[in-house]
Amino acid sequence: MQIFKEQVAQHLAPLLDWEPSQVVDALEIPPNSKMGDLAFPCFPLAAKLRQAPPRIAADLAERLELPQVVEKVQAVGGYLNFFLKPTVLAQQVLEAIQEAGDTFGNSEQGVGKNIVIDFSSPNIAKPFGVGHMPTTVLGNSISRLYTALGYNVIRINHLGDWGTQFGAMIVAYLKWGNNDPLTEDAIGKLYRLYVKFHQEEEKEPSLRDEARAWFNRLEAGDEEATRLWKLFYDVSLKNFRRTYDRLGIEFDHYTGESFYVDKVEDALERVKAAGITEISDGALVVPLGDDLPPCLLQKSDGATLYATRDLAALFYREAAFNPERIIYVVALDQSLHFQQLKLVLEKMGLPLADALVHVPFGLVKLPTGKMSTRRGHMVLLDEVLEEATARVAEIIAEKNPHLPNKEEVAEQVGIGAVIFNNLKNGRMRDIIFDWDEVLNFDGETGPYLQYTHARCRSVLRRSGQQEFTLPADLTGLTDEAAQQVLKRLSQFGEAIDKAAQTYEPSTVSRYLLDLAQDFNRFYNTCRIIGEDPAVEASRLALVDAVATVLRRGLYLLGLAAPEQM
RNA sequence: GCGCCUGUAGCUCAGCUGGAUAGAGCAACGGACUUCUAAUCCGUAGGUCAGGGGUUCGAAUCCCUUCAGGCGCGCCA
């Protein structure tokens, strides 16, 4: 709609003595297409012009010189409603999409700017549970959205590969691991050791001291501790990479917390030099006033903490990537931590404070309550992906048994369903994990979008044509259903912009669901192949455009767009 | 106790930088496949937008307050 808003604004702005961009912002899409395609509310003008809004609307309707695209204007109540010419609308939208292809909806606002995004960041030696899906798929989608806006995006997987927990892992492995080389089912074994440690720890609190001691040895560079840590690290990363491959997600850097171990000292010095630290109960802290609890940087035993390593990471990233923004896609329960980091940077007088953006999201819970890795109360991601893929395979066997490369499609659709499930709603909501919901492929789901795309591709394939150029006569696209699709297509760029600005991929999800529904309605009302040649050609061009936008939108969310399913 | 988040149809959720009769999906019921993939579409039914104040020409949307739920609050990450 942006292109149409601009054309209307060009003509309307002079009458109001406004900037065209102000008019663009004020223009709305009416709730009902019978009221028009665009609307300008005149209420805000009433006070200044000392006239009733309906009068202003009527007056503007009379004086306005209509732009090319506009068929007529109508003053209704306090609104000035614009009706676009159906064929011109079709022409402008479809030409724009054919010209831009996969770059349709993109912009160049971010060209020359860097953005660092920190997401997924699972813990070494722990299984990848469904609880890790939100950060993983949100981060991936946000990365793609900003790339579409022209930014150079640096994706970082800040692995949880350091901390006292590794002391615990080492203790458990030494006590009950039987020196297992961990060549198979490594994560499973490590996970069981981890759970066992926390069970035993209840009975034998001295284990906690042993774990702390081992972590201290690790921080001191002790050979045995490092060897074991490296073993856990290697087998875990191998496992994670397999999962990321399956999800189609890549990172530029796997720089976890351990990467910053040798940078922590400098970071600490830097904070101390700013003169904002103090010693409290033997620990080094930055007091943050009455509103926030102090930020703890060094434990009384000298060991570093999460916040210390995060500060070191911030300093490093600033120097290495010169980012305009550093985005952290991390659960809502860590809001306080990021508030503290930001305030520490502010107190140091660093502009870096403004670059830090925390993108929070709600927790994934089980119907029985919060997930807990320690207590083994969780659902494995692999298990979910397997189940979804198997269920899709069944449906394919039933509905489309002759489909080529069934396994590949089943994987794409099954995984698409799981990813979309995590991206269709606003990220702030808590998610109660529900098998029925994950394995449902009807309605507002990833498979629905993929199906609609495959349906488009199928029509194009059956047309026997390769190119779908626009005919001169576009009257085949004047039906209500086709017009609705065209208007929706024209809003893709706005959806991308909004999704990126608000770090909310669900905006794109919702847009795609609307587009798919509009298209399916059109598909069910209008025949495409076998109509009069001009009608067929124009409708094929529309189908082609829908396929392009759906494929592109699915990509931005991280879903595959199979040709058939 | 303090702070952050959430509360919209039976269920899951859109809409929230204020705008015209509050929208989808699931579930229920009734329709549409000799025709481009029915993982689709159409129709029916379903709502004190948690409650109460306020701001405004106009409030689901902004402000205040109460209630309910989630999360967090110095040596975990």
Side-chain angles (χ1 to χ4, degrees), chain A residues 25 28 30-32 35 39 41 43-44 46-47 52-53 76-79 81 121 123 160 162-165 168 257 280-285 290-301 303 305-307 309-310 330-337 339-340 360-363 365 370 392 395-396 398-400 403 413 417 424-426 428-432 434 436-437 440-452 454-463 501-502 506-507 509-510 513-514 516-517 519-531 536 539-540 543 564-565:
Chain A
D25 289 342
E28 302 171 2
N32 187 326
M35 300 168 167
F43 308 97
V76 179
Y79 290 92
N81 292 336
S121 310
N123 291 321
W162 207 250
T164 324
Q165 47 172 328
E257 293 184 70
S280 167
D281 294 334
L284 184 73
V285 306
D290 296 334
D291 296 335
L292 288 181
C295 181
L296 205 56
L297 293 180
Q298 200 171 25
K299 302 204 278 189
S300 44
D301 67 0
L305 288 151
Y306 182 48
R309 297 190 283 274
D310 254 2
V330 177
L332 182 62
D333 56 7
Q334 287 185 46
S335 294
L336 178 60
H337 166 71
Q339 263 183 57
Q340 291 177 313
F361 53 86
L363 269 52
K365 288 184 239 175
K370 200 177 167 181
V392 170
I395 295 175
I396 290 175
E398 175 194 324
K399 306 198 175 200
N400 200 354
L403 179 72
V413 175
K424 91 172 142 182
N425 294 330
M428 295 307 280
R429 287 181 175 281
D430 286 347
I431 299 171
I432 310 289
D434 178 356
D436 288 343
E437 204 183 300
N440 170 39
F441 307 135
D442 296 331
E444 299 176 327
T445 65
Y448 171 65
L449 298 178
Q450 292 171 318
Y451 173 79
T452 306
R455 186 176 238 187
C456 289
R457 297 300 305 165
S458 173
V459 172
L460 297 174
R461 207 164 40 240
R462 281 179 181 260
S463 76
Q501 265 168 36
T502 55
S506 66
T507 302
S509 308
R510 292 286 156 188
L513 289 171
D514 288 338
Q517 193 167 39
F519 174 77
N520 283 315
R521 202 166 284 157
F522 162 75
Y523 179 91
N524 272 280
T525 18
C526 300
R527 182 77 205 168
I528 300 157
I529 294 170
E531 293 294 287
E536 177 180 303
R539 289 182 178 169
L540 283 171
V543 174
Q564 297 180 57
M565 63 185 267

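Throughout, a chain's letter reflects where its sequence line sits, starting with A, and its residues are numbered from 1. Since we're looking at a predicted model, the values are computed, not measured.
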Q.
Over all strands shown, is Gln517(A) touching base, sugar-phosphate only, or nothing at heavy-atom distances under 4.0 angstrom?
A. sugar-phosphate
Q.
Side chain of Arg309(A), heavy atoms from C-beta onward: which of G74(B), A77(B), U6(B) has the nearest atom to it?
A. A77(B)
Q.
Return the pairing partner of G3(B) with a 3.5 Å limit on both distances, Watson-Crick or G-U wobble; otherwise return none.
A. C71(B)
**Q.** Rounded distance in Å between the C1' positions of G7(B) and A50(B)
**A.** 6 Å
**Q.** Sugar-phosphate, base or nothing in reach of Gly78(A), heavy atoms under 4.0 Å
**A.** nothing
Q. Are the side chain of Gln340(A) and the backbone N or O of Pro293(A) linked by a donor-acceptor pair below 3.5 Å?
A. yes
(Q) Is it the case that the side chain of Arg429(A) and the backbone of Gly362(A) share a donor-acceptor pair, with hydrogens and angles ignored and the cut-off at 3.5 Å? (A) no
Q: For A39(B) versus C71(B), give the span between their C1' atoms, rounded off to a whole number of Å.
A: 37 Å
Q. Would you say the side-chain atoms of Thr452(A) and Asn520(A) include a donor-acceptor pair closer than 3.5 Å?
A. yes
**Q.** Nearest listed nucleotide, side chain of Tyr448(A), among C4(B), U40(B), C13(B)
**A.** U40(B)
Q) Does Tyr523(A) offer a backbone N or O that forms a donor-acceptor pair with the side chain of Arg521(A) under 3.5 Å? A) no
Q. Across all strands, who's sitting opposite G30(B) as a Watson-Crick or G-U wobble pair, both distances under 3.5 Å?
A. C42(B)
Q) Can you check whether Leu332(A) reaches Met428(A) side chain to side chain, under 4.5 Å on heavy atoms? A) yes
Q: May I ask you to say what Ala39(A) touches in the nucleic acid, namely base, sugar-phosphate or nothing, with a heavy-atom cut-off under 4.0 Å?
A: base
Q. With rounding to whole Å, what would you report as the distance between A14(B) and U6(B) at their P atoms?
A. 10 Å
(Q) Closest approach to the side chain of Asp333(A), judged atom by atom: which nucleotide of A77(B), G72(B), A39(B) is it? (A) G72(B)
Q) Per the atom types in the model, does the base of A20(B) pair as donor or acceptor with the side chain of Asn81(A) at under 3.5 Å? A) yes
Q.
Students often get this wrong, so: under 4.0 angstrom with heavy atoms, is Leu336(A) touching a base, only sugar-phosphate, or nothing?
A. sugar-phosphate
(Q) Checking base pairs now: Watson-Crick or wobble, both atom distances under 3.5 Å. What partners U37(B)? (A) none
Q.
Between Gly530(A) and Glu444(A), which residue's closest nucleotide on RNA chain B lies nearer the 5′ terminus?
A. Glu444(A)
**Q.** Closest nucleotide among G7(B), U40(B), C71(B) to the Arg429(A) side chain
**A.** G7(B)
(Q) Please report the distance separating the C1' of U21(B) from the corresponding atom of U40(B), rounded so that it comes out in whole Å. (A) 29 Å
Q. Can you tell me if Glu531(A) uses its side chain to pair, donor with acceptor, with the backbone of Glu536(A) under 3.5 Å?
A. no
Q. Whom does C16(B) pair with, Watson-Crick or G-U wobble, provided both distances fall under 3.5 Å?
A. none
Q.
So Phe441(A), base contact, sugar-phosphate only, or nothing? Heavy-atom distance under 4.0 Å.
A. base
Q: Could you check whether Asp514(A) gets within reach of a base, just the sugar-phosphate, or nothing at all, counting any heavy atom under 4.0 Å?
A: nothing
Q | Proximity to the side chain of Leu296(A) - top-ranked nucleotide from G74(B), C71(B), A20(B) | A | G74(B)
Tabulate atom names and distances for all N/O pairs under 3.5 angstrom spanning the protein and nucleotides 31-33 of chain B.
none

**Q.** Nucleotide paired to U61(B) in any strand shown, Watson-Crick or G-U, under 3.5 Å
**A.** none
Q | Glycosidic conformation of C62(B), taking syn as within 90° of 0 and anti otherwise | A | anti
Q: Identify whether the glycosidic angle of G54(B) places it syn (within 90° of 0) or anti.
A: anti
**Q.** Sugar-phosphate, base or nothing in reach of Gly163(A), heavy atoms under 4.0 Å
**A.** sugar-phosphate
(Q) Measuring only the P atom in each nucleotide, how far is U55(B) from U12(B)? A whole number of Å is fine. (A) 35 Å
Q) Rounding to the closest angstrom, what is the interatomic distance between U48(B) and A9(B) at atom C1'? A) 13 Å
Q. Hey, does Glu257(A) reach any base, or is it just sugar-phosphate, or nothing, if we go heavy atoms under 4.0 Å?
A. sugar-phosphate
Q) Looking for any heavy atom pair under 4.0 Å, which part of the strands does Pro293(A) touch: base, sugar-phosphate only, or nothing? A) sugar-phosphate
**Q.** Pairwise C1' distance, G47(B) and A24(B) [rounded to whole Å]
**A.** 14 Å
Q) Between Leu292(A) and Gln339(A), is any pair of side-chain heavy atoms under 4.5 Å apart? A) yes
Q: Mark yes or no for whether Gln564(A), through its side chain, and Ala454(A), through its backbone, hold a donor-acceptor pair below 3.5 Å.
A: no
Q) So which nucleotide from A38(B), C5(B), A20(B) ends up closest to the side chain of Leu332(A)? A) C5(B)
Q.
Within the structure provided, determine whether Tyr306(A) and Leu296(A) are in side-chain contact (heavy-atom separation under 4.5 Å).
A. no
Q. Base, sugar-phosphate, or nothing for Leu305(A), non-hydrogen atoms under 4.0 angstrom?
A. sugar-phosphate
(Q) Taking any heavy-atom pair under 4.0 Å as a contact, classify Lys365(A): base, sugar-phosphate, or nothing. (A) sugar-phosphate
(Q) Once you apply a heavy-atom cut-off of 4.0 Å, does Thr164(A) come out as touching a base, just sugar-phosphate, or nothing? (A) sugar-phosphate
Q: Would you indicate which nucleotide in U40(B), G70(B), U37(B) comes nearest to any side-chain atom of Asp430(A)?
A: G70(B)
Q) Touch check for Ile396(A), heavy atoms < 4.0 angstrom, all strands: base, sugar-phosphate only, or nothing? A) base
Q | Minimum-distance nucleotide to Asn520(A) side chain [options: U21(B), G72(B), U40(B)] | A | U40(B)
Q: For Gln298(A), report the nucleic acid contact type (base, sugar-phosphate, nothing); a contact means any heavy atom under 4.0 Å.
A: nothing
Q: Examine distances only and state if a side-chain atom of Asp281(A) and a backbone atom of Ala283(A) form a donor-acceptor pair shorter than 3.5 Å.
A: no
(Q) Can you check the distance between G46(B) and G23(B), where both ends of the measurement are the P atom (answer in whole Å)? (A) 15 Å
